[in-house]
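As the structure is a computational prediction, the values presented were derived from the model and not from experiment.
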Amino acid sequence: MKTTFQNTLVKMPEYEIFDGDDFVTFYMMGVNHSHTYVTIAITNRGKISVVDYPLYENSLGLYFEYGPMFEKVYLTEFDEV
């Protein structure tokens, strides 16, 4: 039996902010089914980390907080690139 694989490109929703020194890029990897946390891959100054952030909700939608100033990052602001 011969198995063939096709090259597939997976597109992850992306969001970018400027933290005052450099751009930080977030890649949304997944949201759990009960909407209690989101898994984000972050590239910041050449380093990559994967973090689970708790999700919060207000009148503008679901968001997580990032950085020392707890900046609200809304899931609706992510774009597929």
Side-chain angles (χ1 to χ4, degrees):
M1 183 171 161
K2 184 178 179 182
T3 304
T4 58
F5 295 95
Q6 295 181 6
N7 291 335
T8 57
L9 179 63
V10 176
K11 296 181 181 180
M12 286 188 288
E14 177 181 304
Y15 179 68
E16 192 171 75
I17 62 170
F18 187 73
D19 69 358
D21 292 325
D22 209 347
F23 284 97
V24 178
T25 306
F26 301 94
Y27 299 94
M28 188 184 322
M29 299 180 70
V31 178
N32 76 335
H33 294 291
S34 60
H35 295 289
T36 57
Y37 69 89
V38 61
T39 303
I40 301 289
I42 304 164
T43 58
N44 186 359
R45 294 176 184 85
K47 297 180 182 177
I48 300 173
S49 28
V50 178
V51 180
D52 289 333
Y53 287 100
L55 281 175
Y56 305 101
E57 187 172 13
N58 63 16
S59 62
L60 299 175
L62 292 171
Y63 68 93
F64 63 93
E65 296 175 336
Y66 176 77
M69 301 301 290
F70 301 103
E71 182 171 348
K72 293 178 181 176
V73 179
Y74 289 90
L75 301 188
T76 55
E77 295 176 348
F78 282 75
D79 295 321
E80 283 194 15
V81 194

- [ ] Kindly determine whether Y37 and V51 satisfy side chain to side chain contact (heavy atoms under 4.5 Å, CB included), including the steps that lead there.
- [x] CA-CA 10 Å; Y37 69 89; V51 180; over 6 Å; no
- [ ] Evaluate the criterion side chain to side chain contact (heavy atoms under 4.5 Å, CB included) for residue pair D79 and Y15; output intermediate values, then yes/no.
- [x] CA-CA 6 Å; D79 295 321; Y15 179 68; over 6 Å; no
TODO: Apply side chain to side chain contact (heavy atoms under 4.5 Å, CB included) to the pair T39 and V50, showing each step before the final yes or no.
DONE: CA-CA 7 Å; T39 303; V50 178; 3.7 Å; yes
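The line from CZ of F64 to CG of L55 is 8.5 Å long, rounded to the nearest 0.5 Å. We find the CZ-CD distance between F23 and E16 to be 5.5 Å, quoted to the nearest 0.5 Å. Interatomic distance, M29 CE to D52 CG, rounded to the nearest 0.5 Å: 9.5 Å.
Counting heavy atoms from C-beta on, the side chains of L62 and Y56 never come closer than 4.5 Å. At a threshold of 4.5 Å between non-hydrogen side-chain atoms, the residues T25 and I42 do not count as touching. Two residues are said to be in side-chain contact when any heavy atoms from C-beta on lie closer than 4.5 Å; V31 and L75 meet this criterion. Contact annotation: the side chain of L60 never approaches that of K72 to less than 4.5 Å [non-hydrogen atoms, C-beta and beyond].
A side chain to side chain contact (heavy atoms under 4.5 Å, CB included) with V24 holds for exactly one of V73, T43, N44; it is N44.
When all heavy atoms are compared, the tightest approach of F70 to E65 is CD2-OE1, 3.8 Å. Of all the heavy atoms in D19 and R45, the pair that sits closest is OD2-NH2, 2.9 Å. Pairing each heavy atom of E14 with each of Y27, the nearest pair is OE1-CE2, 3.1 Å.
Partners of E71 according to the side-chain hydrogen bond (donor to acceptor under 3.5 Å, both in side chains) rule, which considers only residues two or more places apart in sequence or in another chain, do not exist here. For Y66, the ring pair (Phe, Tyr, Trp, His ring centres under 6.0 Å) partners are F26, not counting sequence neighbours.
Under the 4.5 Å side-chain heavy-atom criterion for Ile, Leu, Val, Met, Phe, Trp and Tyr, Y53 and Y63 are members of distinct hydrophobic clusters.
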